[in-house]
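We count ligands from 1, going down the list as the structure has it; atoms in each ligand are counted the same way. Nothing here was measured: the structure is a model prediction, and the numbers come from that model.
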Amino acid sequence: MKREQFSSSLGFVLAAAGSAVGIGNLVAFPVMASKNGGAAFLIMYAFFVFFICLPVMLAEMSLGRHTRQNPLGAYTEIGQNRAWRTVGWMSVITPFMIGVFYLVITVWIFGYLGKSVMGQLNELAGPDSFGNFINSNELFVYMAIVVGLTFFILQGGVKQGIEKAARVLMPMLFVMLIALVVYVFTLDNAMLGIKFFLIPEFDKLTGKVLNGALAQAFFSLSLAMGILITYGSYIQKNNNIVHAGKMVAGLSVLVACCSGLLILPAVFSFNPDIQLSTLSESSISMIFTFLPKIFLAMQADIGYFGASFIAGFFFLLVFFAALTSLVSIIEVPVCSLMDQKGVSRRTALFSLGAAMIALAVICALSFGRVDVFSNLLSYGGLNKSFFDLVYDIFYETILPLNGFLLCLFVIYRWKKHNLDAEISQGNATFAGSLLQKYVNFSLGTFIPLILAVIFINTVSTIFFGNNLLF
Ligand code: PHE
């Protein structure tokens, strides 16, 4: 069967940007930036995106387009041995498991969307609402709808499913984001938030902050999850990979930046004297505990209906971003199963979907509802739930390891000249350019080195409670 393709470079860019733009850009980034030096953080983040993440991105896209395979197939075909095949397996299992916890978070967002629309903003802003919601039966109704929507998109295939969804949802997302930024700019004290975000404080950039910024950039561009290898395998040969990669990276930074301009003015208009250092570190508490309070407070100006409308609008925006990311991550195991076993898309979706739902339900029950799942293990001096375990192993630990192995694979196994030849198709100026030299050099030296250091430090910190670096 002929492999499906995106209809154009723009189709790929929108789908890949759909994958990249997610909860990370919209919520995690503004929270991190506001606590860690504002524009100074933004500058470092953008630097990491273009100088460290972009080469990895180009490598993944080229590997996919060259082999026309899912990650397992690509590692097997070029690796030609068992060790690389194992790495291929890791590149398929990792997105599957990250997909499980991302599904749970997407369901929470969808639930908050549903509740805002149904006039329950009051309740959402209450002190225990988040804890109650994630342990409610209602959650499973929302989960069924999110799973249904994701399946519906993926069932359509590359062009009629993934690309079409991105073509509809991404422009809507951009327009909604801009509309919300314009709205929060009109609020009292918005200027304080904008100033806070745009004035750089370079002394806040400690080693720990830089490590966080890099990890955030890496996650946010969907690297080392096999996504860009898989989407890369659907790119046409005459499309310009470098150009597409720069567009995706640029859009992701732009959305992160706009999101800072949305969240910080809202926070400051709510409380102009707020001490950001007292805000919780986690983006989860920002989005599910703090923001509903801010939206509810807007009722003083625009009434309860208006406040609910803004809340619903915001959660819809985040939901679109999360949905396109979820689609991209589930496509990796789906495509792998189709390629490797020759099954239909529908069969792949149903079998993987069933396994994924079972695991997501276990995750959802691990916030206190079922004790074995909630207190599954203890390591690094902390009690961990099933959800924590999935997050720690696959997101925190294996992601940098996969990135490290990918760099070595592309440069030392597949070889530089093959990478260059693939990128050069559709890009006449790449060969001999400064970019080519930089990509070759960085992927073979300091990028894998940095990823290896992050990996070792993460293992030591999470599993042994001993941070080696800071
Ligand atoms: N880029 C996404 C984000 O910022 C991360 C992600 C992509 C997560 C794909 C899961 C799947 O939230």
Side-chain angles (χ1 to χ4, degrees), residues 13-33 45-46 48-49 53-54 56-57 60-61 71 91-110 146 150 153-154 162 165-166 169-170 173 177 212-232 245 248-260 263 282-284 286-287 315 317-335 352 356 359-360 363 387 390-391 394-396 398-400 402-403:
V13 168
L14 286 174
S19 175
V21 171
I23 305 165
N25 310 55
L26 289 174
V27 189
F29 175 83
V31 173
M32 281 183 147
Y45 178 80
F48 287 145
V49 164
C53 298
L54 187 61
V56 181
M57 202 171 175
E60 287 200 32
M61 287 159 65
S91 314
V92 175
I93 295 170
T94 308
F96 179 82
M97 294 305 290
I98 292 183
V100 169
F101 88 73
Y102 208 79
L103 170 62
V104 176
I105 300 178
T106 308
V107 171
W108 295 343
I109 291 166
F110 187 60
V146 172
T150 313
I153 295 173
L154 283 170
I162 299 172
L169 297 178
M170 292 312 286
L173 184 147
L177 181 60
L214 178 58
Q216 170 62 21
F218 209 76
F219 175 70
S220 200
L221 289 178
S222 311
L223 299 180
M225 304 188 198
I227 295 175
L228 291 168
I229 301 179
T230 308
Y231 276 15
V248 175
L251 282 173
S252 173
V253 173
L254 197 67
V255 169
C257 206
C258 286
S259 185
I263 299 222
S282 92
S283 43
I284 295 288
M286 172 62 128
I287 185 167
F315 285 113
L317 165 79
V318 184
F319 177 63
F320 283 172
L323 185 63
T324 45
S325 296
L326 190 61
V327 161
S328 73
I329 204 152
I330 301 182
E331 175 64 9
V332 180
V334 167
C335 162
L352 288 166
M356 203 166 221
L359 290 168
C363 274
F387 183 91
V390 173
Y391 183 87
F394 292 97
Y395 167 61
E396 294 272 17
I398 303 218
L399 219 51
N402 277 354

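Listed by number with element, the atoms of ligand 1 under 4.0 Å from a non-hydrogen atom of Ser222 are 1 (N), 7 (C), 9 (C). Close contacts of ligand 1 with Asn25, meaning ligand atoms under 4.0 Å from a residue heavy atom, involve 4 (O). Short contacts between ligand 1 and Ile23, defined as distances under 4.0 Å to a heavy atom of the residue, involve ligand atoms 3 (C), 12 (O). Taking every heavy atom of Ala20 and a limit of under 4.0 angstrom, the matching atoms of ligand 1 come to 1 (N), 2 (C), 3 (C), 4 (O).
Checked by distance only, ligand 1 and Ile329 stay at 3.5 Å or farther apart across all their nitrogen or oxygen atoms.
With hydrogens and angles left out, the side-chain atoms of Asn25 and Ser220 include a donor and acceptor closer than 3.5 Å.
Contacts with ligand 1 closer than 4.0 Å are made by side-chain heavy atoms of Ser328 only, the backbone lying farther away. With a 4.0 Å heavy-atom cut-off, ligand 1 is reached by the side chain of Ile227 but not by its N, CA, C or O. Residue Ser220 touches ligand 1 through backbone and side chain together, judged by heavy-atom distances below 4.0 Å.
Taking CG of Leu326 as the start and CE of Met356 as the end, the distance is 7.0 Å to the nearest 0.5 Å. Between the CD1 atom in Ile153 and the CG atom in Leu169 there is a gap of 6.0 Å [rounded to 0.5 Å].
Applying the side chain to side chain donor-acceptor pair (under 3.5 Å) test to every pair with at least one member in residues 319-335, sequence neighbours left out, gives these pairs: Ser19-Ser328, Tyr234-Glu331, Glu331-Arg345.
By the side-chain contact (heavy atoms from CB on, under 4.5 Å) test, Ala217 pairs with Tyr45, Phe48, Val49, Cys53, sequence neighbours left out.
Looking only at heavy atoms of the protein, atom 8 (C) of ligand 1 is closest to Tyr102 CE1, 3.3 Å.
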